[in-house]
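Notes follow the structure.
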Amino acid sequence: MGRFRTLPQSFYRRPAELVARDLLGRYLVRDLDGSRLVLRIVETEAYLGAEDRASHAWGGRRTRRTSALFRDGGFAYVYLIYGMYHCLNAVTGDEEDGAAVLIRAGEALEGAALMKTHRSLIREPRPGDLAGGPGKLCQALAIDGGLNRTPLFEGSLRVTTGREVADSGVSIGPRVGIDYAGEAAAWPLRFCELGNREVSRPRP
DNA sequence: CGGAAGATCCACT
DNA sequence: GTGGATCTTCCGA
């Protein structure tokens, strides 16, 4: 893994849709006590901020939960959903933008056995079981609210260069689970690696 | 202040 | 395909 370099904060200080596209194929590295977990990112979604009805920052909403969204790019926004699961975002752009990229799915490159333990899987995982969804991905990497507001360009959770995806291998479509968002529900802000078995449902 | 819905997942039918 | 788990936030009374 020595040839992979941690992406600098400047990587994130761009529009969310560019960062979302550019995160495909990058490696999400999680250092725990004595072990390292690595997921290759295969699915992301961009959330644009105040003008995006699907975003937690819609209309400039700012609560205790969403305050991390309004930092400058490069930090993690981790929130609890349905009272049960966590979702990992990379904040993008500049301070006050409220924009971010949701990391929705990855394929395990290192530490799959430990990820399986974190996921409490009984059976041998089928494609998509280990980290094929935002909640599963956080469980697999032991990500919870303790990592909210932490940097992704240094520290125990970070993103590195990886095996990137050519434009011909990218599928772009509407985001998942935001039917309530009016016109924004149709915006093409979900990015997947075409044909990858770890991409979550609905598969493009 | 109560109810509902949510960037989800799992077990069960 | 359906419903339950369980917490934050929003909205109407």
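Quick note on labels: first sequence line is chain A, next is B, and so on, each numbered from 1.
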Rounded P spacing from dC1(B) to dT6(C) in Å:
24 Å
Base-pair string, DNA chain B, Watson-Crick plus G-U, cut-off 3.5 Å on both distances, | for inter-strand, is ||||||.|||||.
Who are the side chain to side chain contact (heavy atoms under 4.5 Å, CB included) partners of R62(A), not counting sequence neighbours?
F70(A), E96(A)
Same cluster or not: are V78(A) and L69(A) linked, directly or through other Ile, Leu, Val, Met, Phe, Trp or Tyr residues, by side-chain heavy atoms under 4.5 angstrom apart?
no
Donor-acceptor check, side chain of R190(A) to backbone of G173(A), threshold 3.5 angstrom: yes or no?
no
Quick check: is I81(A) connected to Y77(A) through a chain of hydrophobic side chains (ILVMFWY, heavy atoms under 4.5 Å apart)?
yes
Taking only heavy atoms on the protein side, list every residue of residues 42-53 of chain A lying under 4.0 Å from any atom of DNA chain C, sorted numerically.
none
Would you list the protein and nucleotides 5-9 of chain C atom pairs, both N or O, that sit under 3.5 Å from each other?
| residue | atom | partner | partner atom | Å |
| --- | --- | --- | --- | --- |
| dT6(C) | O2 | Y82(A) | O | 2.2 |
| dT9(C) | OP1 | T63(A) | OG1 | 3.3 |
| dT9(C) | OP1 | R65(A) | N | 2.9 |

Once you apply a heavy-atom cut-off of 4.0 Å, does R62(A) come out as touching a base, just sugar-phosphate, or nothing?
nothing
Is the closest side-chain donor-acceptor distance between S156(A) and R30(A) under 3.5 Å?
yes
Presence of R104(A) side-chain N/O under 4.0 Å of dT8(B) phosphate oxygens OP1/OP2
yes
side-chain contact (heavy atoms from CB on, under 4.5 Å), paired with R158(A), selected from L7(A), V29(A), L28(A):
V29(A)
With rounding to the nearest 0.5 angstrom, report the CD to CG distance, E43(A) to L137(A).
10.0 Å
Applying side-chain hydrogen bond (donor to acceptor under 3.5 Å, both in side chains), name anything that partners D72(A), two or more places apart in sequence or on another chain.
Q9(A)
I want to check a possible cation-pi pair here: R175(A) against Y47(A), using under 6.0 Å from ring centre and within 45° of the ring axis as the test.
yes
Write out a two-atom table: protein N or O, nucleotide N or O from nucleotides 11-13 of chain B, distance below 3.5 Å.
none

Thinking salt bridges, do E183(A) and R53(A) make one under a 4.0 Å N-O criterion?
no
